[in-house]
Amino acid sequence: MKILVTGGAGFIGSNFIRLILEKYGDYEVVNLDKLTYAGNLDNLRDVEKDERYRFVQGDICDPQVVDKVMNGVDAVVNFAAESHVDRSIGGPADFIHTDVYGTYVLLEAARQHGVGRYLQISTDEVYGSIRDGSFSETDILDPSSPYSASKAGGDMQVMAYHTTFGLPTLITRSSNNFGPYQHVEKLIPLFITNAMEERELPLYGDGTNVRDWIYVTDNCEGIDAVLHEGEVGRIYNIGGGNERDNITITRMILEILGKPESLIKRVSDRLGHDFRYSIDCSRARALGWSPAHDFESALRETVQWYVDNRWWWEKQKGEEFQEYYKQQYEGKSE
Ligand code: NAD
Ligand code: DAU
C-alpha cells in the first residue's frame, strides 16, 4: 500500500508516519509538507533514510504539486493544516486557505486519481463547547474559533465529495493530543519548556477550561484502525477519556519538574475560549481500537522527552517564536 500523508512534518503526522513504517513492512509513505513554521524535518530524522519513505516539500493548495504526488497512491491521510487556535484569532486567512481550500484541492485530486481511501484528520473542536455529556459524530457542528470553523469547512467538503462523487472518504475527530514532537506554542510543551527555563506559565482566565487529553500514538493507532477498518462516508471520534482542567495540568507539570507554583501567571482569557470538549468514542472502539496509555504516566514520559531533547525545542524557541510570544502574551496579565 502506498499512502500519501500530508502535513507529515508536523506533530501528529510525524508520529503517524513513524507508526506506519514500524507496523507495516511493505507500505510506502510519501510525505507532502509545506514546512510552515510548524513543519519540522527534525521530527522524522530517524526515518528519513528508510527506502519506503519519501519527503516532498509542497503546498496542498497547489493543484499541480498535489496532482504529481497523488500518482499511484492507494490512500491519502490529510494532517496538513494551520492548527493553533491563538494564531487563528490573530489572523484567520491562512487557516481558511489551507484548512478549507487545501482540503478541496486534495479531494479533487483524489477523485481524479481514483484513490481508494481518503482520510481527513479533523478535531473535536468542530462541535464547539459542551457543559455536560459528550458529543457523538451525528451532532451538529458549532465551531467557535476561525481555526475550528475552518476545520468544519474542510469536513463539509469531505462529506460533500462522498455524497456527490462517491469518493471513499473517512474523517477522524480527535481530542487534544500530547507527546513527543509537539510544537512549543501548545499548552503542554509551552508550559514544560517555560518551567524548565524558569519562565512564567501564562494560564488563560481562571484555568478551569477542560480538555480531553490523548497520547499521540493512541490517536495514531485510532487513525490506523479507521484507515483500514472504517466504513467509508463515516466520521469517527477519537478521544483519550482523560478530561482535566488546565490548572490541574499546569500543577502536574510543575510537580513533575519540581518547580514552584509561583511560576503560574494568570493572563487575560483567549477570545471565544471554549469551556469544555468531550466526545463519545464508542464508534471507534467498535473497530477494536482503544487508547493504551495511562494519562499520568504518559504525561511524565512526555515531560521527560522534553527534558532529554532540549536540542529539539530550543531551536523552535528562536527569534521568530519570541516575537510571536511577545505579541500573544505581553501586557495581558489579569
Ligand atoms: P502541526 O501544526 O504540528 O502540523 C501541521 C503540519 O502541516 C506542519 O508540518 C505544516 O508544515 C503542515 N502544513 C501546514 N499548511 C500546509 C500546507 N498548505 N500544505 C502542506 N503542508 C502544510 O499540527 P498537528 O498538531 O500535528 O495537527 C495535525 C492535524 O490534526 C491538523 O489537521 C489538526 O487540525 C488536527 N488535530 C490536531 C490535534 C492536536 O491536539 N494537535 C487534535 C485534533 C486534531
Ligand atoms: O481539541 C483538539 C484541538 O486541540 C486541536 O484541534 C488543535 O489543533 C490543538 O491546538 C488543540 O487546541 P486547544 O486550543 O485546545 O490547545 P492549546 O494547547 O492551544 O490549549 C489547551 C488549553 O490550554 C486551552 O483551554 C487554552 C489553554 N492555554 C493554552 C495556551 C497555549 C493556556 O491557558 N495558556 C496558553 O498559553
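What's counted below: heavy atoms across the whole structure, side chains too, no hydrogens, waters or symmetry copies. When a ligand or atom number is given, it counts from 1 through the structure's own listing order.
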Legend entry - Region of Ile188 engaging ligand 2 - heavy atom pairs below 4.0 Å: neither
Inset, instruction - Among all protein heavy atoms, pick out the one at the shortest distance from atom 9 (C) of ligand 2; state its residue, atom name and that distance to 0.1 Å. - result: Ser83 O, 4.0 Å
Legend entry - Intermediate values then yes/no, salt bridge (charged side-chain N to carboxylate O under 4.0 Å, His left out), Asp94 and Arg87: CA-CA 10 Å; Asp94 287 349; Arg87 290 191 196 248; over 6 Å; no
Legend entry - Part of Asn246 with heavy atoms under 4.0 Å of ligand 2, whether side chain, backbone, both or neither: side chain
Inset, instruction - Decide whether a cation-pi geometry holds between Arg211 and Phe178; the criteria are a distance under 6.0 Å from NZ or CZ to the six-membered ring centre and an angle within 45° of the ring axis. - result: no
Inset, instruction - Under 4.0 Å, heavy atoms only, figure out whether ligand 2 is touched by the backbone of Leu187, its side chain, both or neither. - result: both
Inset, instruction - Mark up the atoms of ligand 2 that fall under 4.0 Å of a heavy atom belonging to Glu185, in ascending order. - result: 31 (C)
Legend entry - Non-neighbouring partners of His228 that pass ring-ring contact (aromatic ring centres under 6.0 Å, His included), sequence neighbours left out: Tyr24, Tyr27
Inset, instruction - Indicate the ring-plane relationship of Tyr329 and Tyr204, choosing parallel, tilted or perpendicular according to the 30° and 60° boundaries. - result: parallel
Inset, instruction - Could you list the residues that satisfy salt bridge (charged side-chain N to carboxylate O under 4.0 Å, His left out) with Glu28, not counting sequence neighbours? - result: none
Legend entry - Under 4.0 Å from ligand 1, counting heavy atoms only: the protein residues, by chain and number: Gly7, Ala9, Gly10, Phe11, Ile12, Asp33, Lys34, Leu35, Thr36, Ala38, Gly39, Gly58, Asp59, Ile60, Phe79, Ala80, Ala81, Ser83, Thr98, Ile121, Ser122, Thr123, Tyr147, Lys151, Ser174, Ser175, Asn176, Asn177
Legend entry - Shortest protein contact, atom 19 (O) of ligand 2 (heavy atom only): Arg270 NH2, 2.9 Å
Legend entry - Within 45° cone and under 6.0 Å: Arg199 NZ/CZ vs Tyr325 ring: yes
Inset, instruction - Write out the residue and atom name of the closest protein heavy atom to atom 32 (C) of ligand 2, then the distance separating them to 0.1 Å. - result: Tyr204 CD1, 3.3 Å
Legend entry - 4.0 Å heavy-atom contact, Gln328 with ligand 2: no
Legend entry - Part of Lys151 with heavy atoms under 4.0 Å of ligand 2, whether side chain, backbone, both or neither: neither
Inset, instruction - May I ask you to check whether Asp86 has an N/O atom sitting below 3.5 Å from an N/O atom of ligand 2? - result: no
Legend entry - Ring geometry between His293 and Tyr215 (parallel below 30°, tilted from 30 to 60°, perpendicular above 60°): tilted
Inset, instruction - Go through ligand 2 atom by atom and flag the ones less than 4.0 Å from a non-hydrogen atom of Tyr147. - result: 5 (C), 6 (O), 7 (C), 8 (O)
Inset, instruction - Output all residues satisfying salt bridge (charged side-chain N to carboxylate O under 4.0 Å, His left out) with Arg117, sequence neighbours left out; order by chain, then residue number. - result: none
Legend entry - Nearest-neighbour protein heavy atom for atom 1 (O) of ligand 2, which is reported as residue plus atom name and distance: Asp124 OD1, 2.5 Å
Legend entry - Protein heavy atom at shortest distance from atom 4 (O) of ligand 2: Asn176 ND2, 3.1 Å
Inset, instruction - Flag Glu125 as yes when one of its N or O atoms lies below 3.5 Å from any N or O atom of ligand 2, and as no otherwise. - result: yes
